[in-house]
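Here's the structure we're looking at; comments come further down.
Every number for a ligand or one of its atoms is a count from 1 in the order of the listing. Numbering starts at 1 and runs along the sequence shown. Being a predicted model, the structure only gives us computed values, none of them experimental.
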Amino acid sequence: MKITFLGTGTSTGIPTIGVNRESCLSDDPKDNRLRSSILIECDNKKFVVDCGPDFRQQMLRTKTTRVDAILFTHEHADHTAGLDDVRPISFKHGKIPIYAHTRVVKNLKKRFDYLFDKKNDYPGSPHVYPIIIENKKFNIEEIEILPITYMHHKLQVFGFRIKNFAYVTDLKMITKEELNKLKNLDVLILNSLRHNEHYSHINLTQAIDHIEELKPKKAFLTHIAPDMGLHSETEKILPKSVFLAFDGLEIIVDD
Ligand SMILES: [Zn+2]
Ligand SMILES: [Zn+2]
C-alpha cells in the first residue's frame, strides 16, 4: 500500500493569506502546505481521503489521473470544497463513489445540489454517487476499511483504518473504545495543529501523548497551522519514529 500526502496544511493552508509568520515566508518547500488530504494506492485501486479546495492542484502535481473512490472525514470546506473538480476524472473513468456519513452527504447535497440532481441531470456535472457509511467495517471491493469515530469540537468525524495503516485528522476528543481501534499500527497519520491548545484540534503535545499510548511503528503529523513553526525546527523536537509530514511525501506500508 502506498500513501501520498496530497496536502498537510490546516484549513487556511501555508502560506496563509495575510500571515507573516516564519513558516509562511519560508523558502523551504516543506513549509508550503496545501489543505490536508491523502491518496491511498492499494490493490490497484486509488482512493483519496477528502477532496478539499486544492484537489485540482494536488491531482496535477502528483500526476494522478484516476480516482476510484472518495472517502470523506467530515463536511468542513477544507475537506470537501474541491468536489466539483473531480469532473475530468469522472468524464474519463465514470461515476465516482463518495463514502461518507449520512450527515456529510446531506451537507454535500445542499452545497453541490447540481451533482445530485437526477431530474435535471446536466451532462457537464461531475458524476458522483453517495454511499452512506456508519461506524462499522465496510468494503471498497475487496479492501476492508474500519472507520474510527471521534469529535472535532461538536462535530463527529470519521478516521479510517486499512490493514495496519490509519488516517485520523481533525481529532479533538476520542473515546477509549475508539482509540483502541488504532492499536498495532505500522503507520498512524494524526492531526497536530500547533503548539498551543485549540478548541477543535489536538496540539503537538496531545498528538504525541496519543502516539505514545498507541505505539505505532511510525507516526506522521498533518493538518499543520502556520504557528507550528518551521518544518526543519519542529522535526528536531519530535520523538524518534514521529515525523512531520509534508506535501508530496510518499510512504509505503507493508500489507
Ligand atoms: Zn480540517
Ligand atoms: Zn474540520
Side-chain angles (χ1 to χ4, degrees), residues 3-17 19 21 23-24 31-40 47-58 70-86 98-112 133 135 147-161 166-175 178 182 188-204 206-207 210 219-228 231 234 244-249:
I3 311 296
T4 306
F5 286 89
L6 298 173
T8 57
T10 190
S11 56
T12 54
I14 304 179
T16 300
I17 299 168
V19 172
R21 285 186 184 271
S23 54
C24 294
D31 285 315
N32 229 291
R33 300 181 188 276
L34 299 181
R35 266 58 72 90
S36 291
S37 172
I38 54 164
L39 172 69
I40 302 173
F47 322 124
V48 286
V49 180
D50 294 327
C51 182
D54 301 314
F55 177 78
R56 173 178 172 274
Q57 201 182 337
Q58 291 166 335
I70 301 170
L71 286 88
F72 281 114
T73 57
H74 65 304
E75 61 270 51
H76 279 165
D78 56 323
H79 298 261
T80 55
L83 187 55
D84 189 75
D85 281 327
V86 304
I98 290 173
Y99 292 80
H101 189 285
T102 183
R103 184 199 73 239
V104 175
V105 170
K106 216 168 137 191
N107 177 283
L108 294 173
K109 282 184 174 173
K110 205 158 66 182
R111 288 164 53 217
F112 298 92
I133 55 171
N135 190 23
I148 296 100
T149 188
Y150 48 86
M151 297 306 287
H152 174 39
H153 189 46
K154 291 179 181 164
L155 190 69
Q156 178 276 342
V157 179
F158 276 137
F160 301 104
R161 176 176 183 152
Y167 183 70
V168 170
T169 191
D170 296 57
L171 161 70
K172 178 66 183 183
M173 293 298 293
I174 184 164
T175 63
E178 292 298 310
L182 297 170
L188 169 64
I189 300 173
L190 187 60
N191 61 307
S192 170
L193 190 73
R194 61 185 193 188
H195 299 276
N196 291 339
E197 182 85 31
H198 189 270
Y199 70 97
S200 68
H201 287 271
I202 52 173
N203 63 10
L204 182 59
Q206 291 156 344
H210 282 312
F220 294 85
L221 306 176
T222 192
H223 211 289
I224 309 296
D227 34 348
M228 183 70 99
H231 181 95
T234 311
L244 201 58
F246 55 88
D247 289 22
L249 172 65

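A donor-acceptor pair is defined here as one N or O able to donate and one able to accept, closer than 3.5 Å; such a pair exists between the side chain of S36 and the backbone of G9.
Residue H74 approaches the Zn ion (ligand 2) most closely through its N/O/S atom NE2. Restricting D170 to its N, O or S atoms, the one at the least distance from the Zn ion (ligand 1) is OD2. The atom of D78 that is an N, O or S and sits closest to the Zn ion (ligand 1) is OD2.
The distance from the Zn ion (ligand 1) to the nearest N/O/S atom of H76 is not under 2.8 Å. Within the 2.8 Å limit, H152 places no N, O or S atom next to the Zn ion (ligand 1). With 2.8 Å as the limit, H201 does not count as an N, O or S neighbour of the Zn ion (ligand 2).
Residues L83 and F72 meet the side-chain proximity criterion, which asks for heavy atoms closer than 4.5 Å. A heavy-atom distance below 4.5 Å is not found between the side chains of I38 and F160.
Taking NE2 of H223 as the start and OG of S37 as the end, the distance is 11.0 Å to the nearest 0.5 Å.
Ion pair D78/R35 not flagged as a salt bridge, since none of the NZ, NE, NH1 or NH2 atoms sits closer than 4.0 Å to an Asp/Glu carboxylate oxygen.
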